[in-house]
Amino acid sequence: TVIYADNAITVNGSDWYFTVCAVMMVATLAFVGLALTQPRQKRIFHYITAAITMVASIAYFSMGSNLGWTPILVEFVRTNPKVGGLQREIFYVRYIDWVITTPLLLMDLLLTAALPWPTVLFVILVDEVMIVTGLVGALVTSSYKWGYFTFGCVALCYVLYVLIFEARNHANVMGKDVGKTFLICGSLTALLWTLYPIAWGLCEGGNVISSDSEAIFYGILDLFAKPVFGALLIWGHKGIDPARLGL
Ligand code: RET
């Protein structure tokens, strides 16, 4: 039998995903190219950032090809249970992307702020709790999904607390240039990351907006959170020697 989702991306949705895929690939080549202009000891942020867009480009290749998803029941047809119910296309491949890339994004920021390793490690572990609870919640059909969502939001609050207070203060102590770079990239991150759970609530959570609208919402967020963020971060590090940050 053929399994299909009632609410699936259209051909246009697919084109958009491939467009984002192409941008991620170009960004990856640009970040790797910039790395090659630097001595090896100074490439850490180029490498981390290139890895982020590299992983994203493959996730977007999958979604453009209409792969990496599973149909999830969002509403039972009560009058005739034999018909089944309304299904939504849930792209679990997003979460495979995020479980790799969000820790890397946090490393970009927390290494810029020169926070000690134990702090970096714990923030990354809490971030992974956030992504995995988001995935499990997306796959759960009952209202327990909102329980997972709540755990994820609490985890996000902790991550944002560390970014906005501890990391920002630490970055300012490391120097004016470090503080400025962290302020730009950290503020962008704090703003964008708050929008992800809103997208989740409208898509995987509440099935309020269509799969095509989901593609645009998450797609724009990902473009700002990865290539735009990465370009600003690498730009900010131009005059900063990683050795000064203990790297
Ligand atoms: C989920 C649902 C559970 C609650 C919360 C979420 C937050 C996700 C975030 C994702 C960030 C992704 C990025 C991707 C790379 O570009 C998992 C949606 C809080 C913050 C930055």
Side-chain angles (χ1 to χ4, degrees), residues 16-17 19-21 23-25 27-28 31 48-63 68-69 72 88 90-110 123-140 143-164 185-209 211 213-234:
W16 163 248
Y17 276 132
T19 306
V20 178
C21 169
V23 174
M24 296 290 184
M25 279 182 179
T28 307
F31 297 148
I48 294 175
T49 311
I52 293 167
T53 49
M54 190 193 299
V55 170
S57 69
I58 300 169
Y60 273 90
F61 168 80
S62 312
M63 293 189 283
W69 61 274
I72 294 294
R88 184 187 177 91
I90 300 289
F91 283 102
Y92 60 79
V93 74
R94 281 189 206 291
Y95 301 87
I96 302 179
D97 168 337
W98 295 349
V99 88
I100 299 170
T101 58
T102 55
L104 293 174
L105 288 163
L106 289 173
M107 277 180 70
D108 262 346
L109 285 168
L110 301 180
V123 174
I124 286 177
L125 292 173
V126 173
D127 170 78
E128 278 168 350
V129 167
M130 175 185 82
I131 301 299
V132 174
T133 52
L135 171 61
V136 175
L139 299 176
V140 167
S143 55
Y144 281 101
K145 68 194 305 126
W146 297 105
Y148 288 97
F149 178 73
T150 307
F151 287 129
C153 289
V154 173
L156 175 62
C157 287
Y158 174 73
V159 171
L160 292 180
Y161 162 77
V162 173
L163 285 182
I164 295 170
C185 298
S187 309
L188 182 66
T189 298
L191 170 73
L192 292 171
W193 287 37
T194 311
L195 298 174
Y196 279 89
I198 295 174
W200 192 98
L202 296 174
C203 304
E204 289 99 323
N207 191 39
V208 177
I209 65 177
S211 292
S213 306
E214 167 186 334
I216 294 169
F217 199 155
Y218 278 131
I220 291 176
L221 288 183
D222 282 356
L223 286 174
F224 279 97
K226 287 172 168 138
V228 173
F229 167 92
L232 290 171
L233 186 99
I234 289 177

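Quick caveat, the model's predicted, so the values are computed rather than measured. Numbering of ligands and ligand atoms starts at 1, following listing order.
The Leu105 neighbourhood of ligand 1 comprises atoms 15 (C), 21 (C), with distances under 4.0 Å to a heavy atom of that residue. Contact atoms of ligand 1 toward Leu156: 19 (C) (distance under 4.0 Å to a heavy atom of the residue). In summary, the atoms of ligand 1 found under 4.0 Å from a heavy atom of Ala225, numbered by their order in the structure, are 16 (O), 21 (C). The distance from ligand 1 to the heavy atoms of Lys226 drops below 4.0 Å at these ligand atoms: 14 (C), 15 (C), 16 (O). For ligand 1, the atoms lying closer than 4.0 Å to a non-hydrogen atom of Gly134 are 2 (C), 3 (C), 17 (C). Residue-ligand proximity, Gly152 to ligand 1, at heavy-atom distances under 4.0 Å covers atoms 4 (C), 19 (C).
Put simply, the side chain of Ser57 never gets that close to the backbone of Met25: no donor and acceptor are under 3.5 Å apart.
In this structure, Phe149 and Trp200 have parallel ring planes: the angle between them is below the 30° cut-off, well short of the 60° mark.
A ring-ring contact (aromatic ring centres under 6.0 Å, His included) with Tyr218 holds for exactly one of Trp98, Tyr60, Tyr17; it is Trp98.
At a heavy-atom distance under 4.0 Å, atoms from both the backbone and the side chain of Trp193 approach ligand 1. By the criterion of a heavy-atom distance under 4.0 Å, neither the backbone nor the side chain of Leu192 is placed next to ligand 1.
Under a 4.0 Å heavy-atom criterion, Thr102 is in contact with ligand 1.
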Decide yes or no on side-chain contact (heavy atoms from CB on, under 4.5 Å) for Ile90 and Trp69, but give the supporting numbers first. CA-CA 5 Å; Ile90 300 289; Trp69 61 274; 5.8 Å; no
Take Val154 and Val129 through the side-chain contact (heavy atoms from CB on, under 4.5 Å) test and state the conclusion after the steps. CA-CA 10 Å; Val154 173; Val129 167; over 6 Å; no
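Among all non-hydrogen protein atoms, the one lying nearest atom 6 (C) of ligand 1 is Met130 CG, 4.1 Å.
Glu204 and Tyr92 share no side-chain donor-acceptor pair at under 3.5 Å.
Nearest-residue assignment for atom 2 (C) of ligand 1 (options Trp200, Tyr196, Phe224; heavy-atom criterion): Trp200.
Nearest heavy atoms, Ala138 versus Tyr95: CB-OH, 3.8 Å. In this structure, Ile52 and Leu104 approach most closely via the heavy-atom pair CG1-CB, 3.5 Å.
The shortest N/O to N/O separation between Tyr218 and ligand 1 does not fall below 3.5 Å.
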